[in-house]
Asks: 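Would you mind keeping the following structure in view while I ask a few things?
Throughout, residue positions are numbered sequentially from 1 according to the sequence presented. Values in this document were obtained by computation on a predicted structure and should not be read as measured data.
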Amino acid sequence: MDESLPYKRSASRLTIAAHLFGVLALILMLIWLVHFRGGIEYGSYNVDRVFNVHPFMMYCGFIFLAGEAMMMYKTIPSNNNLQRHKVQKIVHMILHLLALVFGIVGISAVFKFHDMINAEDVYSLHSWIGILTISLFCLQWLFGIFSFMVPQPSITRQRMLPWHICGGRILLFMAVCAALTGLMEKSTFLQQRHNSENRLMNFTGLFILLFAIFVDLTVVLARYV
């Protein structure tokens, strides 16, 4: 009997919950940016539409894709098939690369927004955490390529794997911390009459946090190799 089966079942249920909260956060993010903030367009002359690229890319591109990459690798079994496991690693790497690209576009959008309104760059705790997170994420991706895609002795990979997993989990919550502080920072600029928008932003932040929590639980409890 497979002793890891209860863990697999638990991870499966947790993955469903993670997807539920992730999609809910995505829907609320789109409602906020399109209905309340006027839309999303990087090349617009409207500063709000340019700024809106930033939260959209940082969550829907960076956080959501990174979480999907983590869950995909931990919950889809390779059944000790080396070819399937290699494909699994490649897809994991590509999803994280896409997340990194979307994150860079999101940061570029906020720099462009600041240039358009003549505002200072990297002045808040939110921006400090965000820049640090994207920088470490890039190093984590390169570390993963070197450790697991380039031929290495098996003992080296075994030693590096716990650090790689731990680093990924930490970076996910750093990204969520950046997202939540960003939502709080943005909400301070809203007028009191926008209570409905504030509530929507609060629920969006809550679902982003729950998404990350259930992604992390999936990674911890999954026992696929």
Side-chain angles (χ1 to χ4, degrees), residues 21-69 94-142 171-212:
F21 289 121
V23 171
L24 284 173
L26 192 152
I27 292 171
L28 292 184
M29 177 74 72
L30 286 173
I31 292 173
W32 173 48
L33 296 177
V34 174
H35 177 69
F36 286 98
R37 297 286 97 197
I40 306 166
E41 185 182 356
Y42 189 92
S44 176
Y45 292 105
N46 183 315
V47 294
D48 290 330
R49 292 170 70 89
V50 173
F51 173 81
N52 291 344
V53 175
H54 175 66
F56 177 76
M57 286 294 182
M58 300 315 294
Y59 172 67
C60 303
F62 185 62
I63 295 175
F64 188 75
L65 273 183
E68 288 294 324
I94 291 173
L95 286 175
H96 271 125
L97 178 59
L98 288 173
L100 181 60
V101 170
F102 286 134
I104 292 171
V105 173
I107 289 177
S108 173
V110 80
F111 276 106
K112 180 179 179 181
F113 167 74
H114 287 163
D115 288 341
M116 293 173 74
I117 64 172
N118 296 316
E120 183 183 357
D121 293 319
V122 196
Y123 63 89
S124 64
L125 178 61
H126 160 68
S127 59
W128 293 359
I129 296 172
I131 292 294
L132 179 61
T133 301
I134 202 78
S135 300
L136 292 177
F137 190 93
C138 183
L139 292 176
Q140 166 85 345
W141 189 82
L142 292 173
L171 285 170
L172 177 65
F173 280 102
M174 286 181 66
V176 169
C177 184
L180 298 187
T181 53
L183 286 171
M184 290 177 62
E185 182 180 306
K186 189 65 177 177
S187 69
T188 60
F189 296 111
L190 299 177
Q191 299 297 321
Q192 190 65 30
R193 64 177 180 273
H194 293 147
N195 281 336
S196 58
E197 184 177 356
N198 273 310
R199 283 193 292 270
L200 179 66
M201 294 170 68
N202 288 342
F203 276 110
T204 302
L206 178 62
F207 288 147
I208 291 174
L209 177 61
L210 289 172
F211 170 70

Asks: Is it the case that more than 12 heavy atoms not belonging to Met184 sit under 6.0 Å from its CE atom?
Replies: no
Asks: CG of Leu26 to CG of Leu30: how many Å apart, nearest 0.5 Å?
Replies: 5.0 Å
Asks: Tell me, please, which residues at least two apart from Glu185 pass side-chain contact (heavy atoms from CB on, under 4.5 Å).
Replies: Tyr123, Ser124, His126, Phe189
Asks: Would you indicate whether the side-chain heavy atoms of Phe111 and Val122 approach each other to under 4.5 Å?
Replies: yes
Asks: Please enumerate all residues that pass ring-ring contact (aromatic ring centres under 6.0 Å, His included) together with Phe102, with sequence neighbours excluded.
Replies: none
Asks: Quick one: does Asp121's side chain get under 4.5 Å of Val110's, heavy atoms only?
Replies: no
Asks: Kindly assign one of parallel, tilted or perpendicular to the pair Phe51 and His54, based on the angle between their ring planes and the thresholds 30° and 60°.
Replies: tilted
Asks: What pair of heavy atoms forms the shortest contact from Phe207 to Ala25, and how long is it?
Replies: CB-CB, 3.7 Å
Asks: How close do Ser187 and Asn198 get, counting heavy atoms only, and between which atoms?
Replies: CB-OD1, 3.2 Å
Asks: Taking all non-hydrogen atoms of both residues into account, name the closest pair between Arg49 and Ser44 and its distance.
Replies: CD-OG, 3.7 Å
Asks: Name all residues meeting the side chain to side chain donor-acceptor pair (under 3.5 Å) criterion together with Trp32; count only those two or more places apart in sequence or in a different chain, and write none if there are none.
Replies: Glu197
Asks: Restricting to non-hydrogen atoms, name the atom on Gly205 and the atom on Leu180 that form the minimum distance, rounded to 0.1 Å.
Replies: O-CD2, 3.3 Å
Asks: Please answer whether the main-chain N or O of Gly39 pairs with a side-chain N or O of Asn52 as donor and acceptor at a distance below 3.5 Å.
Replies: yes
Asks: Is there a side-chain contact between Leu132 and Met174 in this structure, where contact means two heavy atoms from C-beta onward sitting under 4.5 Å apart?
Replies: yes
Asks: I'd like to check the side-chain contact (heavy atoms from CB on, under 4.5 Å) partners of Ile27; sequence neighbours left out, ordered by chain and number.
Replies: Val23, Ile31
Asks: Could you tell me which non-hydrogen atom of Phe203 sits nearest to which non-hydrogen atom of Leu28, and how far apart they are?
Replies: CB-CD1, 3.8 Å
Asks: Hey, is the main chain of Leu200 close enough, under 3.5 Å, to the side chain of Thr204 for a donor-acceptor pair?
Replies: yes
Asks: What distance separates Ile131 CD1 from Ile134 CD1, expressed to the nearest 0.5 Å?
Replies: 8.0 Å
Asks: Of the non-hydrogen atoms in Ile129 and Cys177, which two are nearest, and what is the gap between them?
Replies: CD1-SG, 3.8 Å
Asks: Rounded to the nearest 0.5 Å, what separates atom CG in Leu183 from atom CG in Leu206?
Replies: 11.5 Å
Asks: Show every donor-acceptor pair shorter than 3.5 Å between a side-chain atom in residues 55-68 and any protein atom, with sequence neighbours excluded, or say none if there are none.
Replies:
unit_1 : atom_1 : unit_2 : atom_2 : d
Tyr59  : OH     : Gly22  : O      : 2.7
Glu68  : OE1    : His19  : NE2    : 3.0
Glu68  : OE2    : His19  : NE2    : 3.0

Asks: Applying side-chain contact (heavy atoms from CB on, under 4.5 Å), name anything that partners Val34, two or more places apart in sequence or on another chain.
Replies: none
